[in-house]
J.: 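Mind looking over this structure? Questions follow.
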Amino acid sequence: MKQIKLIALMIILYCNAFSQGYLGTSIMKNGFAGNIGYLAGKVDISFGLQFPLTDKTTPTIYSLSVGRMIDLSNYDEGNFSLTPAVGLSVLNKMEVVAANTFSDKYGKIFPYETLKNDNSIKPYYSLELGKDAYLGRVFLKTVYSGNLYYSVGMRLFFN
């Protein structure tokens with residue numbers, strides 16, 4: 001985890017002079033997602049966090065991805081873009097584990113379950129369809145990192 005944070009910080013500092021920074025947020029079925037990154041020409045470098053709101057078995061995902069923005073229309077026609085990206089992610093989730101059984105004083109047997117913390121590193125794939133606005137971009141995004149996630153969100157560009 002510390003290595004991913006350090007790599008993200010180095011990329012952000014390196015790309016600071018040649019790019020446009022942004023801050024993004026999005027809403028998913030199970031929670032929220034946020035990301036910070038740089039758009040350097042057509043290359044999109046992003047560090048993201050995706051976390052569940054209520055479900056403990058849905059993973060919290062930390063991701064670092066690099067993508068290429070593809071223009072689908074001219075700026076006069078609305079400036080739609082498609083951004084496929086690949087990277088790495090760290091998944092942190094609670095996993096339901098079947099434990100032993102216990103019996104009451106009458107001999108009736110009851111099984112019980114416990115939660116176990118599970119961390120894993122997975123590949124990260126995303127596809128974003130966006131429309132540029134005055135100071136940002138509105139987008140629909142699909143992410144695959146161990147499971148498929150859909151979100152709707154907005155980016156705000158710094159300059």
Side-chain angles (χ1 to χ4, degrees), residues 1-95 115-159:
M1 187 61 194
K2 289 182 182 180
Q3 291 87 2
I4 289 178
K5 288 180 184 178
L6 183 62
I7 290 171
L9 181 63
M10 288 176 17
I11 290 171
I12 288 171
L13 291 175
Y14 175 76
C15 294
N16 194 18
F18 305 108
S19 61
Q20 184 176 18
Y22 66 84
L23 181 65
T25 184
S26 57
I27 299 172
M28 307 174 337
K29 176 184 170 189
N30 295 350
F32 293 102
N35 58 1
I36 187 167
Y38 282 96
L39 188 60
K42 299 286 183 185
V43 177
D44 185 8
I45 301 169
S46 175
F47 176 72
L49 168 66
Q50 179 176 316
F51 58 93
L53 196 57
T54 57
D55 189 12
K56 288 194 179 279
T57 58
T58 301
T60 299
I61 300 174
Y62 302 93
S63 63
L64 177 63
S65 64
V66 177
R68 173 121 174 109
M69 188 175 77
I70 302 166
D71 290 326
L72 298 178
S73 64
N74 294 331
Y75 188 74
D76 297 334
E77 298 171 2
N79 204 16
F80 288 93
S81 63
L82 186 68
T83 308
V86 297
L88 285 176
S89 64
V90 175
L91 278 68
N92 183 7
K93 69 177 178 176
M94 300 299 280
E95 193 173 78
L115 292 174
K116 180 179 98 175
N117 196 5
D118 183 30
N119 292 327
S120 59
I121 296 175
K122 300 269 187 187
Y124 180 88
Y125 306 104
S126 73
L127 185 63
E128 176 183 303
L129 176 64
K131 181 188 183 314
D132 286 351
Y134 176 62
L135 291 174
R137 177 178 297 148
V138 179
F139 61 85
L140 299 171
K141 189 172 186 176
T142 302
V143 170
Y144 181 79
S145 181
N147 203 353
L148 201 57
Y149 303 97
Y150 302 100
S151 64
V152 171
M154 185 175 158
R155 279 188 189 172
L156 177 64
F157 292 103
F158 296 138
N159 31 336

J.: With Ser89 as reference, evaluate Ser126, Ser63, Ser145 under the side chain to side chain donor-acceptor pair (under 3.5 Å) test and give the passing residue.
T.: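 Among Ser126, Ser63, Ser145, the one meeting side chain to side chain donor-acceptor pair (under 3.5 Å) with Ser89 is Ser145.
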J.: Please find the pair of heavy atoms, one from Phe157 and one from Leu39, that lie closest to each other, and give the distance.
T.: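 Nearest heavy atoms, Phe157 then Leu39: CE2-CD2, 4.1 Å.
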J.: Return the minimal non-hydrogen interatomic distance between Leu156 and Leu135, and the atom names on each side.
T.: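 Scanning both residues, the minimum pair turns out to be CD1-O, 3.6 Å.
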J.: Would you say the side chain of Leu64 lies within less than 4.5 Å of the side chain of Tyr124, judging by non-hydrogen atoms?
T.: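 When only atoms from C-beta onward are counted, Leu64 and Tyr124 do not touch, as no gap falls below 4.5 Å.
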J.: As an exercise, state the distance from OG1 of Thr83 to CZ of Arg137, rounded to the nearest 0.5 Å.
T.: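 Atom-to-atom, Thr83:OG1 and Arg137:CZ are 5.5 Å apart.
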J.: How about Phe158: does its CZ atom have over 12 heavy atoms from other parts shown lying under 6.0 Å from it?
T.: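 Yes - once you tally the heavy atoms of other residues, nucleotides and ligands closer than 6.0 Å, there are more than 12.
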J.: Using a 4.5 Å cut-off on heavy atoms from C-beta on, say whether the side chain of Thr58 contacts that of Asn147.
T.: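 Heavy-atom side-chain distance check fails, nothing below 4.5 Å.
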J.: Nearest 0.5 Å, what's the OG-CZ distance between Ser65 and Phe47?
T.: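 Atom-to-atom, Ser65:OG and Phe47:CZ are 10.5 Å apart.
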J.: Can you name the nearest heavy-atom pair linking Thr25 to Asn35, along with the distance?
T.: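 Heavy atoms of Thr25 and Asn35 come nearest at N-OD1, 4.4 Å.
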J.: Report yes if some heavy atom in the side chain of Asn117 is under 4.5 Å from a heavy atom in the side chain of Met94; otherwise report no.
T.: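 Yes, at least one pair of side-chain atoms sits under 4.5 Å.
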J.: Any chance you could measure Ser151, atom OG, to Asn30, atom CG, to the nearest 0.5 Å?
T.: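 These two atoms lie 11.5 Å from each other.
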J.: Answer whether the closest heavy-atom distance between the side chains of Arg155 and Asp44 falls below 4.5 Å.
T.: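 Yes; the side chains approach each other to less than 4.5 Å.
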J.: Between atom OH of Tyr150 and atom NZ of Lys141, what is the distance when rounded to the nearest 0.5 Å?
T.: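 That separation rounds to 14.5 Å.
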J.: We want to know whether Tyr62 and Asn92 form a side-chain donor-acceptor pair, criterion being a heavy-atom distance below 3.5 angstrom.
T.: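 No - no donor-acceptor pair under 3.5 Å links their side chains.
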J.: How many angstroms lie between CZ in Arg68 and CD1 in Ile70, if you round to the nearest 0.5 Å?
T.: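 It comes to 7.5 Å.
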J.: Just say parallel, tilted or perpendicular for the rings of Tyr125 and Tyr144, cut-offs at 30° and 60°.
T.: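 The rings of Tyr125 and Tyr144 lie parallel, inter-plane angle below 30°.
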J.: Should Ser81 and Phe139 count as side-chain neighbours, where that means a heavy-atom distance under 4.5 Å?
T.: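 Of all side-chain heavy-atom pairs linking Phe139 with Ser81, none is under 4.5 Å.
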J.: Please check if the number of heavy atoms outside Ile121 that lie under 6.0 Å from its CD1 is greater than 12.
T.: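 Atom CD1 in Ile121 is not packed in, count stays at 12 or less.
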J.: Looking at Ile27, I want to see if its CD1 is surrounded by more than 12 non-hydrogen atoms of other residues, nucleotides or ligands under 6.0 Å.
T.: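 Atom CD1 in Ile27 is not crowded, with 12 or fewer foreign heavy atoms closer than 6.0 Å.
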